There are 2 protein chains.
Amino acid sequence: MTHRTVGHPSGPPAGPPGHHPANGPSGPPGLPDDPLAQVTAPASDCPVEITLAALHGRWTTLVVREMLRGERSYSELRDALPALSDKVLSDRLSHLVTAGVVERDRRPGWPARVHYRLTSHGHRLGPVLQALWDWGAQAGED
Amino acid sequence: MTHRTVGHPSGPPAGPPGHHPANGPSGPPGLPDDPLAQVTAPASDCPVEITLAALHGRWTTLVVREMLRGERSYSELRDALPALSDKVLSDRLSHLVTAGVVERDRRPGWPARVHYRLTSHGHRLGPVLQALWDWGAQAGED
DNA sequence: CTGAATCCCTGCCGATACTG
DNA sequence: CAGTATCGGCAGGGATTCAG
């Protein structure tokens, strides 16, 4: 994340994981309730951690944003983000593939061509990035 | 970031910053449009980066979640998150104060007592964490 | 009680060079 | 074209200790 590292923990003893936004018994609809909100340490199976882990790392959100606009080849991503090194780009892509956000489409022939596109799961990151944007854009207000 | 570090960049040459979700000219309402979406490097003034920076660091979201449930003293936070060291807890708190998410309430007397509560801006992180939760909870679906 | 200071270890990420 | 291999610098964060 940038740093940070929103990385995974060494693993708590056990028990039900959790960690969630905050909503009482009468919170928003469709949400798991309090049981999961009682976690006392970062758990890699907490939904919030899962998402942050998927977006983890510098450049990651920019790569995702680029693909939200459509399928991209490796070199197109490279061109769109000139300051991003090969190492980090391929790191990010394989990480996103592992996270189920992105699909590889390796096409036969020469020269080699590989296209990347978001999975349907990946597309649903749109609203997440939107929420992140919205909050950040409010910075000065109030 | 996790571990990653969603940290700040070394600073691109200049020019208009940006980086946003993804929405064409006919995207969702209330959103800034393409100009800001053309950034080619992580910019610390991009709304998405701002939010990720605010939530940056291990334990940060748990600390915020704890305070979404109400005002807390230092030791209450400590007790709620036993595995969190003093150093990191105070790091997180001062970081959140700087980010405008949390307010300190230092009460006179002895022993010293300090209460922390979310600012109104901080309260608005609720929907953000909600979005993060929602996506992460969908992991297996499809 | 509420922190700040220090130490050390680990993992990120940038640059460069090289392979299929 | 699309990556992997390697190396080095630096920041994150855990434990411990000390201070207001």
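These numbers were taken from a predicted model, which means no experiment stands behind them.
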Between P on D:dC1 and CG on A:Leu89, what's the gap in Å once rounded to a whole number? 14 Å
Rounded to the nearest angstrom, tell me the gap between atom CG in A:Leu84 and atom C1' in C:dC13. 10 Å
When rounded to whole Å, the CZ to P distance for the pair A:Arg72 and D:dC1 reads 17 Å
Whole angstrom value for the distance that separates C1' of C:dG3 from NE2 of B:His95: 18 Å
Under the rule for side-chain hydrogen bond (donor to acceptor under 3.5 Å, both in side chains), what residues qualify as partners of B:Glu103, not counting sequence neighbours? none
Could you state the atom-to-atom distance from CG of A:Asp91 to P of D:dA2 in whole Å? 17 Å
Can you check whether B:Tyr116 reaches B:Glu71 side chain to side chain, under 4.5 Å on heavy atoms? no
Those residues of residues 100-116 of chain B lying under 4.0 Å from DNA chain C by at least one heavy atom: B:Arg104, B:Arg106, B:Pro111, B:Ala112, B:Arg113, B:Val114, B:Tyr116
When all nucleic acid strands are considered with a 4.0 Å heavy-atom cut-off, which category describes A:Ser90: base, sugar-phosphate, or nothing? base
To the nearest 0.5 angstrom, please state how far the CG atom of A:Leu81 sits from the CD atom of A:Glu76. 11.5 Å
So do the side chains of B:Tyr74 and B:Leu93 get within less than 4.5 Å of each other, counting heavy atoms only? yes
Determine, for A:Asp105 against A:Arg113, whether the closest basic-nitrogen to carboxylate-oxygen distance falls under 4.0 angstrom. no
Could you tell me the separation between the CZ atom of B:Arg58 and the C1' atom of C:dC9, rounded to a whole number of Å? 14 Å
Starting at atom NZ of B:Lys87, determine the distance to atom P of D:dT17, rounded to an integer number of angstrom. 16 Å
Evaluation steps, side-chain hydrogen bond (donor to acceptor under 3.5 Å, both in side chains), between B:Gln130 and B:Asp134: CA-CA 6 Å; B:Gln130 184 71 53; B:Asp134 288 345; 3.1 Å; yes
